[in-house]
Amino acid sequence: IKMSINFMLLFIFICFILLFFSKKFNFLLDIKKEKHKKFSSKQENYSIGGLLIICYLVLFYFIQNQFLYILFFVSIFLIGFLSDLKMLNNPKKRFVLQAIVLYIFIHFLEIKISETRFIPLDNILNNLYFNHIFTVFCLMVLMNGSNFIDGLNTLLINYILLIFLILLTFFSSNILEAQILENLILILLVILFFNLSGKIILGDSGSYLLSVFVGLYLIQFAYQNNFISPFFVVLLLWYPCFELLFSMTRRLISKNEPYRPDISHLHQMLFKIFQKKIKNKNNLNHFFSSSLINIYNFCSIIIGVQYYNHSKTLILIIIINLLIYCYFYRFLKNKLNSI
């Protein structure tokens with residue numbers, strides 16, 4: 001416990017130092033020029049959450065002498081970092097760069113999705129090149145979906161915390177794996193403390209980095225624990241992934257640019273509802289909106305834990321989640337239109 005407290009105090013100190021220099025030099029200031037950023041807050045905040053996470057991951061993998069993983073995470077971080085600095089604003093260029101970096105490192109690290117328990121797809125996944133492409137696709141959906149939901153303070157951080165706590169509580173047996181999850185939980189709690197007031201955000205660098213780490217961890221987790229259904233992993237990650245796929249489908253149907261951000265995501269509409277009820281309390285509205293979504297996901301995942309090796313039951317839970325999402329999306333849209 002003492003070591004954990006000292007670890008948290010160290011990162012709180014680092015947070016204050018980064019925040020001080022960011023304010024002094026306007027470094028990583030999240031300039032809210034885009035409509036999707038302006039709508040939820042006009043408060044100044046700084047995208048330095050990713051810096052804390054990359055510092056820890058580099059240190060951890062350096063101690064493990066896994067230098068290729070360090071290069072991987074630094075590359076992903078830099079894509080988001082350049083975006084945070086407004087030097088890589090074009091979403092199409094970011095998507096292409098993400099795909100290239102992911103494919104290169106997935107190839108050299110020999111990362112692959114071992115099985116899905118959907119036999120036709122598993123047969124195709126036996127082809128290594130297709131497996132790599134499919135793995136890149138899954139990680140890109142997770143990366144960009146996570147970045148979408150990070151538009152509300154505390155939403156992504158608490159969602160990842162929920163996943164880590166579930167894994168530690170019910171499935172972690174490896175001491176090294178437990179150590180990295182426990183330390184990341186402590187770092188995320190520090191970021192969450194500052195994020196509650198809107199001072200510090202993960203930024204693109206933090207959301208990309210955190211989601212790629214989670215994706216890689218769960219691919220390895222599924223490989224090492226083949227008694228656990230792959231659909232349990234899908235259940236853990238369904239929300240940010242579906243948020244992206246639903247939004248892109250919605251834009252294509254309405255003949256809008258699928259890559260461009262907008263303010264019509266479910267979490268944004270929920271925020272608008274709270275904003276109309278509780279005026280001039282944006283941080284509180286962020287917290288209520290995010291908490292409501294994460295409470296639902298917590299209940300869904302806890303039910304799924306009881307059936308971690310029952311694929312059919314897990315598929316049913318996932319389908320129910322998708323239907324509830326679609327229902328509430330339509331409900332919130334109609335409610336906002338009527339106000």
Side-chain angles (χ1 to χ4, degrees), residues 3 7-8 10-11 13-15 17-18 21 27-28 47-85 87-88 94-113 131-132 135-136 138-140 142-144 146-147 150 156-157 160-161 163-164 167-168 172 174-191 200-224 237:
M3 287 183 63
F7 185 86
M8 286 189 72
L10 171 63
F11 273 87
F13 175 73
I14 294 172
C15 255
I17 294 296
L18 287 174
F21 281 103
F27 180 62
L28 290 176
S47 308
I48 60 180
L51 285 170
L52 296 173
I53 298 168
I54 192 62
C55 286
Y56 172 71
L57 289 179
V58 167
L59 178 62
F60 178 85
Y61 285 99
F62 180 81
I63 293 171
Q64 304 304 318
N65 293 319
Q66 297 188 28
F67 301 111
L68 198 52
Y69 272 98
I70 292 175
L71 284 175
F72 188 10
F73 288 124
V74 168
S75 299
I76 293 297
F77 168 79
L78 286 175
I79 294 172
F81 190 67
L82 290 173
S83 178
D84 290 331
L85 291 174
M87 297 172 65
L88 190 59
R94 282 203 305 271
F95 278 24
V96 171
L97 198 54
Q98 288 170 12
I100 293 170
V101 169
L102 285 171
Y103 188 86
I104 290 171
F105 283 99
I106 282 170
H107 174 75
F108 284 106
L109 288 167
E110 299 180 348
I111 297 165
K112 62 180 183 178
I113 294 173
N131 197 306
H132 286 168
T135 304
V136 168
C138 292
L139 288 175
M140 284 188 65
L142 178 59
M143 279 178 68
N144 292 285
S146 297
N147 194 37
D150 193 42
L156 179 61
I157 296 173
I160 299 297
L161 280 171
I163 292 173
F164 285 168
L167 292 172
L168 268 178
S172 181
N174 184 296
I175 294 174
L176 192 63
E177 289 177 358
Q179 179 188 354
I180 191 170
L181 290 186
E182 287 170 1
N183 287 339
L184 281 172
I185 285 171
L186 295 176
I187 292 170
L188 287 177
L189 287 173
V190 171
I191 298 172
I200 288 177
I201 59 174
L202 286 171
D204 291 350
S205 60
S207 61
Y208 288 168
L209 185 60
L210 199 54
S211 56
V212 167
F213 171 81
V214 171
L216 295 182
Y217 183 92
L218 287 174
I219 289 172
Q220 188 67 17
F221 168 79
Y223 176 76
Q224 293 175 345
L237 300 175

Hey, what do you get for CG (Leu237) to SG (Cys138), rounding to the nearest 0.5 Å? 9.5 Å
Kindly write out the residues that satisfy side-chain contact (heavy atoms from CB on, under 4.5 Å) with Ser146, not counting sequence neighbours, or none if the list is empty. Leu142, Leu156, Ser211, Pro240
Taking the side chain as every heavy atom from C-beta outward, state whether Glu182 and Phe7 have any atom pair closer than 4.5 Å. no
OG1 of Thr135 to NZ of Lys112: how many Å apart, nearest 0.5 Å? 9.5 Å
Please test Leu85 against Phe27 for side-chain contact (heavy atoms from CB on, under 4.5 Å), starting from the C-alpha separation and ending with a verdict. CA-CA 8 Å; Leu85 291 174; Phe27 180 62; 4.1 Å; yes
In residues 103-111, what donor-acceptor pairs under 3.5 Å come from side-chain atoms, sequence neighbours left out?
none

Shortest non-hydrogen contact from Cys15 toward Val190: SG-CG1, 3.9 Å
For the residue pair Ile113 and Tyr223, establish whether any side-chain heavy-atom pair is separated by less than 4.5 Å. no
Atom CD1 of Ile201 and atom CG of Asp84: how far apart are they, to the nearest 0.5 Å? 7.0 Å
Spatial distance of atom CG (Asp204) from atom CZ (Arg94) [nearest 0.5 Å]: 5.5 Å
Using the side-chain hydrogen bond (donor to acceptor under 3.5 Å, both in side chains) criterion, which residues pair with Ser47? Sequence neighbours excluded. none
Go through the structure and list residues passing side-chain contact (heavy atoms from CB on, under 4.5 Å) with Leu97, not counting sequence neighbours. Ile79, Leu88
Please name all residues satisfying side-chain hydrogen bond (donor to acceptor under 3.5 Å, both in side chains) with Ser207, sequence neighbours left out, ordered by chain then number. Asn147
What side-chain donor-acceptor pairs closer than 3.5 Å can you find for residues 48-77, not counting sequence neighbours?
residue: Tyr56; atom: OH; partner: Asn183; partner atom: ND2; Å: 2.9
residue: Ser75; atom: OG; partner: Leu71; partner atom: O; Å: 2.7

About how many Å separate OH of Tyr217 and CD1 of Ile163, when rounded to the nearest 0.5 Å? 11.5 Å
A side-chain contact here means heavy atoms from C-beta on lying under 4.5 Å apart; do Val214 and Phe164 qualify? yes
Nearest-0.5 Å distance, CG of residue Leu10 to CD1 of residue Ile14: 4.0 Å
Is any side-chain heavy atom of Leu210 closer than 4.5 Å to a side-chain heavy atom of Ile157? no
Phe81 side chain near Leu28 side chain, heavy-atom distance below 4.5 Å: yes
